[in-house]
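Read the structure below first, then the notes.
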Amino acid sequence: MAAEHPYRIIGIDPGTNYTGYGVLEVDGRTLRSVVLGAIDLHRMSDPYAKLRYIFERVGTLIDEYRPREAALESPFFGENIQSMLKLGRAQGVAMAAALSRGLKVSEYAPTRIKQAVTGGGSATKEQVAAMVKSILSLEALPSKADATDGMAVALCHYYTACSPLVSAMGSERVKGLGGGLKAASKRGSSSWEKFLREHPDREVR
């Protein structure tokens, strides 16, 4: 991921009330939060107006902060089919906004994002927020956890892209809602943790 200029990744946590986002800047081994926040949709009653607003706001963020890649949290299976469909639509328009700007797009399952940032796939929003704050040395947390969730997606993409397992596997991807590269498997996560234990100098702190 080396580049002549700082490399930026936008992470997006799609939602129908709040869509969280974070722009991560990578300069060598240095990580910096450029911006993080949440697109407020909870007062909008028209579901189609919400989708249009997500598309427009994500596009504006990309135009302003110029990330080179976009990473999104993928939809998850749940008992409420209507909620799943709404989240899927929110993710779809956010993805379309990134693709319309020519960005490379990646998806990551919620448990994988939590695993990458906190080390545990069942971490709470509060634990994710605390780790994002620690990793990026943020002075304070934003009022909405959706913002740190968005940044967590960007961090997950960064850690995945830097993983030696990804280089070994090439560009093969798994199908389905899990998204992302094959390193998403439990075995891959364990191998990455083992690599970090054996090469502590490669871990970004």
Rounded to the nearest 0.5 Å, the CG atom of Leu141 sits from the CG atom of Leu36 at a distance of 8.5 Å
Value for CG (Leu85) from OG1 (Thr16), rounded to nearest 0.5 Å, stands at 11.5 Å
Just wondering, do Thr160 and Arg112 contact through their side chains at under 4.5 Å, heavy atoms?
-> yes
Is Val26 close to Pro6 at the side-chain level, that is, under 4.5 Å between some pair of heavy atoms?
-> no
What distance do Met151 atom CE and Ile9 atom CD1 have between them, rounded to the nearest 0.5 Å?
-> 10.0 Å
Is any side-chain heavy atom of Thr19 closer than 4.5 Å to a side-chain heavy atom of Leu41?
-> yes
Hphob cluster co-occupancy, Ile39 + Leu99, side-chain heavy atoms under 4.5 angstrom | yes
Between Gln115 and Gly121 the two heavy atoms that sit nearest each other are OE1-N, 3.5 Å
Mind checking whether Ser33 and Leu138 have side chains closer than 4.5 Å, heavy atoms only?
-> yes
If you take all heavy atoms of Leu72 and Met95, which pair is closest and at what distance?
-> CD2-N, 3.8 Å
More than 12 heavy atoms of other residues, nucleotides or ligands under 6.0 Å from CZ of Arg52: is that the case?
-> no
How many angstroms lie between atom CG of Asp27 and atom CZ of Arg8, to the nearest 0.5 angstrom?
-> 10.5 Å
Common cluster, Tyr21/Val93, ILVMFWY with side-chain heavy-atom separation under 4.5 Å = yes
Min side-chain heavy-atom separation Leu155-Val117 under 4.5 Å = yes
Taking a hydrophobic cluster as the set of Ile, Leu, Val, Met, Phe, Trp and Tyr residues connected by side-chain heavy atoms closer than 4.5 Å, whether directly or through intermediates, do Val23 and Tyr18 fall within one such cluster?
-> no
Listed by chain and number, what are the side-chain contact (heavy atoms from CB on, under 4.5 Å) partners of Val128, not counting sequence neighbours?
-> Lys114, Thr118, Ala123, Val132, Asp149, Ala152
Over all heavy atoms of both residues, which pair between Phe55 and Ala96 is shortest? Give the atoms and the distance, please.
-> CE1-C, 3.8 Å
Report, as yes or no, whether the 6.0 Å neighbourhood of atom NZ on Lys86 holds more than 12 heavy atoms from other residues, nucleotides or ligands.
-> no
Any chance you could measure Asp40, atom CG, to Arg57, atom CZ, to the nearest 0.5 Å?
-> 10.5 Å
With Ala71, which residues qualify under side-chain contact (heavy atoms from CB on, under 4.5 Å), at least two apart?
-> Tyr108, Val153, His157
Do Arg101 and Asp63 come close enough that some side-chain heavy atom pair is under 4.5 Å?
-> yes
Shared hydrophobic cluster, Val35 / Ile10 (ILVMFWY, side-chain heavy atoms < 4.5 Å) | yes
What heavy-atom pair brings Pro110 and Glu73 nearest, and what distance separates the two atoms?
-> CG-OE2, 3.6 Å
For Ala109 against Ser74, the heavy-atom pair lying closest together = CA-OG, 3.3 Å
Would a 4.5 Å heavy-atom cut-off, applied to side chains only, mark Ser122 and Thr111 as touching?
-> no
Connected via hydrophobic side-chain network under 4.5 Å: Tyr159 and Leu24 | yes
Gap separating the CE atom of Met131 from the CD atom of Gln127, nearest 0.5 angstrom = 10.0 Å
Does a side-chain heavy-atom distance below 4.5 Å link Ile54 with Pro14?
-> no
Quick one: closest heavy-atom pair of Ala94 and Val58, and the distance?
-> O-CG1, 3.9 Å
Step by step, would you call Glu25 with Tyr65 a side-chain hydrogen bond (donor to acceptor under 3.5 Å, both in side chains)?
-> CA-CA 10 Å; Glu25 185 172 277; Tyr65 296 105; over 6 Å; no
